[in-house]
Amino acid sequence: MRFSSILSLLSAFFLTGLPVSSIAAETSATIGSPYGICAHLNRWEYDRMPQELELIRQAGIRHVRTDLDWNQIEPEKGKWNFERWDALVKEAEKRDITLLPILGGSQPRWGSPLVKHMDDWKTYLETVLSRYPALPCWEVVNEPNLNEFSRAEAYVPLLKESYRTIKRIHPGANVTTGGMGDIPLPYLERMLKSGASGSFDIMNVHPYYWKGLPESSLAWELQELRKQMRKYGSEKPVWITETGYATASGRNMTGITHAALRKLNLHRDSTPVVLICDDDFHYYSEGRNIHRLAFFSPNRKFREITLKELGKLDPGTSPLLMLSVTEGFPMAFAKELLGYVKNGGTVFIPGGGIPMYYNYRRQNGAVLRDSAADSILKQFHIAWDAWWVNPKAPKGTSLQETAPGFGKLSYPGSAGRFLSDRNLKPGDRLIPIVTASSKDRTYSAPVAGIYQFNSDLKGNFLIYTWTEYADSVSKETQAELLPRTFLIALSCGVEKVFWYNFRSMGSSPNSREHHFGIVERDLTPKPAYHAYKTLTEMCPAESTRPLLTKRGPLYRASWTRPDGGKSYALWRIRGTGPEQLRIRGNLKEIRNHLGKVQSWKGGPLPISDAVTYLSGDRTLSVDFR
């Protein structure tokens, strides 16, 4: 069987939970050297570059992706400066670390846009390729689908010309596509349809799940990508050169939430709050990036329900329901949610962006996200506004004001999504809590508000649109999600995964972009650094490709190490619970996701959303009972 077919089968296995034995004969491929990291080593991190590379090496990471900034090495046309990149290449070679240069990086003004400066671009390529002949792989610009090449048809000529130039100078070098923002299947299909298949050696994508979980759709998206590549005769390796979670500080929103709920007479601690916790749709009112106590007093009463219980929710005894910050809702339960609001219930959307923008649906064991129909918002009498539908709306603004009657409130410093009254019916009203304006004050709209209904709906919506605190996770959660992401990707045939990123900028406590690192700005390791190091030790280079099975909310990955021993990784989608295991053979050690050895005297083993590793000799076998 061809290797690409094996990968497809592995993806199908993950999604359907087939027995391990059904594909055991097809899993001889090893993972090679899959562990990578992104780092801006030639930019602001240059002052600590040797120390960073040493920490990277100590974590068992052997690949570093960084920008080969055109504007840095050729700030003026024809004037070259390789000081930083020469030093970087030298330090990486000392530590047996392979660099993946992102061609272009930050481009000089005189060389932008690229499509109008192709001769200069080829000169840049020829120069850097000739200077660094030992580098084995080159990436043709970062996230082309999110910059000047937002049309796939425009990117293909650049990719073809770059590929020809690179192969002419170094025939043995590999060329990756630009790392695509997310896994943009429609864009990639247009790219392949336009003839890109013969102009790259590696497909390169950037799947991020800031508000979600890798278990929801990563395997499905990779499977669909493989299908698309086969359709156009492009059965080539897939790399993930960016994925990760930021750890920006959360924000205390209890003050504004108390003030808003006072308007609805729902502010007392005796008023219960209902939270949704649904493992089937991976839909949670609180979790990785949101905690109930960021919005409510610790004296509040809470209870959790599943989506299937929503239809029985009585607004008389449960007047307040908190949704997720994922910008969406499983619309299979829209009727039940609508009934709750019709009967007087209040729905609280605590942020994350545009309310009810996405529909979450289940397909073949995955949870997929689609755009929700406009009719959904009309049914709920709510609406939104943003720059891409209204040119007057700002992309982002820090001009925010608290509406009269709400006192002095604390809230995030900027906004870029807005609420609208266009779907209100007679008797309804939108009460602004915080209003944001464009710089010239020609546009103004609420970014936090109460939809109060007195039409066919009798309840309320309390909605915040801020995204700042919804796009990050805790440091502990970042460490939990890192090995889960890697194990899923590797089980689906991805050859290399580069976590984004190594070192946090850290100068702005609430900024997502400042806190992606697995070490702090001062190089103090976060828990995720130890989680990565533990992963590379437990599943070392040249191990067999992990096989992933799923039973309800429980996951099991298994592989054979280069020394012939067996290892297993166990986790659950959320929370912690004891599990009975069927263990055969010689179990030598149990470690948690941070590498700490765990004691166990038999009986149920606690399995949580943090990976537990079990390792032994070749006789070891571990299954959930």
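Numbering of residues begins at 1 and proceeds along the displayed sequence. Note that the structure is a prediction, hence the values are computed from the model and not measured.
Checked against the 6.0 Å centroid criterion, the rings of Y411 and W466 qualify as a close aromatic pair. Ring-centre distance between F461 and F348: not below the 6.0 Å cut-off. Ring to ring, F329 and Y360 are not that close: their centroids are 6.0 angstrom or more apart. Under the 6.0 Å cut-off for aromatic ring centres, W384 and Y357 qualify, their centroids lying closer than that.
With a 6.0 Å cutoff to the six-membered ring centre and a 45° limit on the axis angle, K342 does not count as a cation-pi contact of F453. Within the cation-pi definition used here (under 6.0 Å to the ring centroid, within 45° of the axis), R369 qualifies as a partner of Y358.
Between D67 and R43 there is a salt bridge, since a side-chain N of the basic residue sits under 4.0 Å from a carboxylate O of the acidic one. Looking at D269 and K301, no side-chain N of the basic residue comes within less than 4.0 Å of a carboxylate O on the acidic one, giving no salt bridge.
For the 3.5 Å distance criterion, the side chains of H206 and T241 qualify, holding a donor opposite an acceptor. Side chain to side chain, Y208 and E242 meet the donor-acceptor criterion of an N or O pair below 3.5 Å. Residues T477 and S474 have side chains that bring a donor and an acceptor to within less than 3.5 angstrom of each other.
A donor-acceptor pair under 3.5 Å is formed between the side chain of S285 and the backbone N or O of M322. Side-chain atoms of N390 do not come within 3.5 Å of backbone N or O of A386 as any donor-acceptor pair. Here the side chain of D69 pairs no donor or acceptor atom with the backbone of Q72 at under 3.5 angstrom. Looking only at distances, no side-chain donor or acceptor of H514 sits under 3.5 Å from a matching main-chain atom of N510. Side-chain atoms of R362 come within 3.5 Å of backbone atoms of D280 as a donor-acceptor pair (strictly under, hydrogens ignored). Within the 3.5 Å criterion, the main-chain N or O of L114 finds no donor-acceptor partner in the side chain of S112. Remark: the backbone N or O of A528 is not paired with any side-chain donor or acceptor of E480 at under 3.5 angstrom. With R300 contributing its side chain and T271 its backbone, the two residues share a donor-acceptor pair below 3.5 Å. With hydrogens and angles ignored, the 3.5 Å screen pairs a side-chain donor or acceptor of N501 with a backbone N or O of G517. Listed for the R417 side chain is no donor-acceptor partner under 3.5 Å among the backbone atoms of G353.
Proximity of K526 to S504: side-chain heavy atoms (C-beta onward) are separated by under 4.5 Å at one or more points. F516 has its side chain out of reach of M505: every pair of non-hydrogen atoms, C-beta onward, lies at least 4.5 Å apart. Looking at P394 and Y443, their side chains come closer than 4.5 Å, going by heavy atoms from C-beta outward. A 4.5 Å side-chain heavy-atom check between V347 and L462 finds every atom pair outside the cut-off.
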Less than 3.5 Å apart, which donor and acceptor atoms pair up between the side chains of residues 176-189 and the rest of the protein, not counting sequence neighbours?
unit_1	atom_1	unit_2	atom_2	d
T176	OG1	N204	ND2	3.3
T177	OG1	N204	N	3.1
Y187	OH	F149	O	2.7
E189	OE2	K231	NZ	2.8
E189	OE2	Y232	OH	2.8

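The salt bridge (charged side-chain N to carboxylate O under 4.0 Å, His left out) test with R503 singles out one residue from E52, E45, E520, and that residue is E52.
Not counting sequence neighbours, Y451 has no partner by the ring pair (Phe, Tyr, Trp, His ring centres under 6.0 Å) test.
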(request) For salt bridge (charged side-chain N to carboxylate O under 4.0 Å, His left out), just list the numbers for K77 and D120, CA-CA rounded to whole Å, side-chain angles, deciding distance to a tenth of an Å, and then say yes or no. (result) CA-CA 9 Å; K77 189 171 181 178; D120 295 320; 3.1 Å; yes

(request) Please test D471 against R512 for salt bridge (charged side-chain N to carboxylate O under 4.0 Å, His left out), starting from the C-alpha separation and ending with a verdict. (result) CA-CA 7 Å; D471 286 349; R512 180 192 70 203; 3.1 Å; yes

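The list of salt bridge (charged side-chain N to carboxylate O under 4.0 Å, His left out) pairs with a residue in residues 303-331, not counting sequence neighbours, reads K211-E327, R292-E304.
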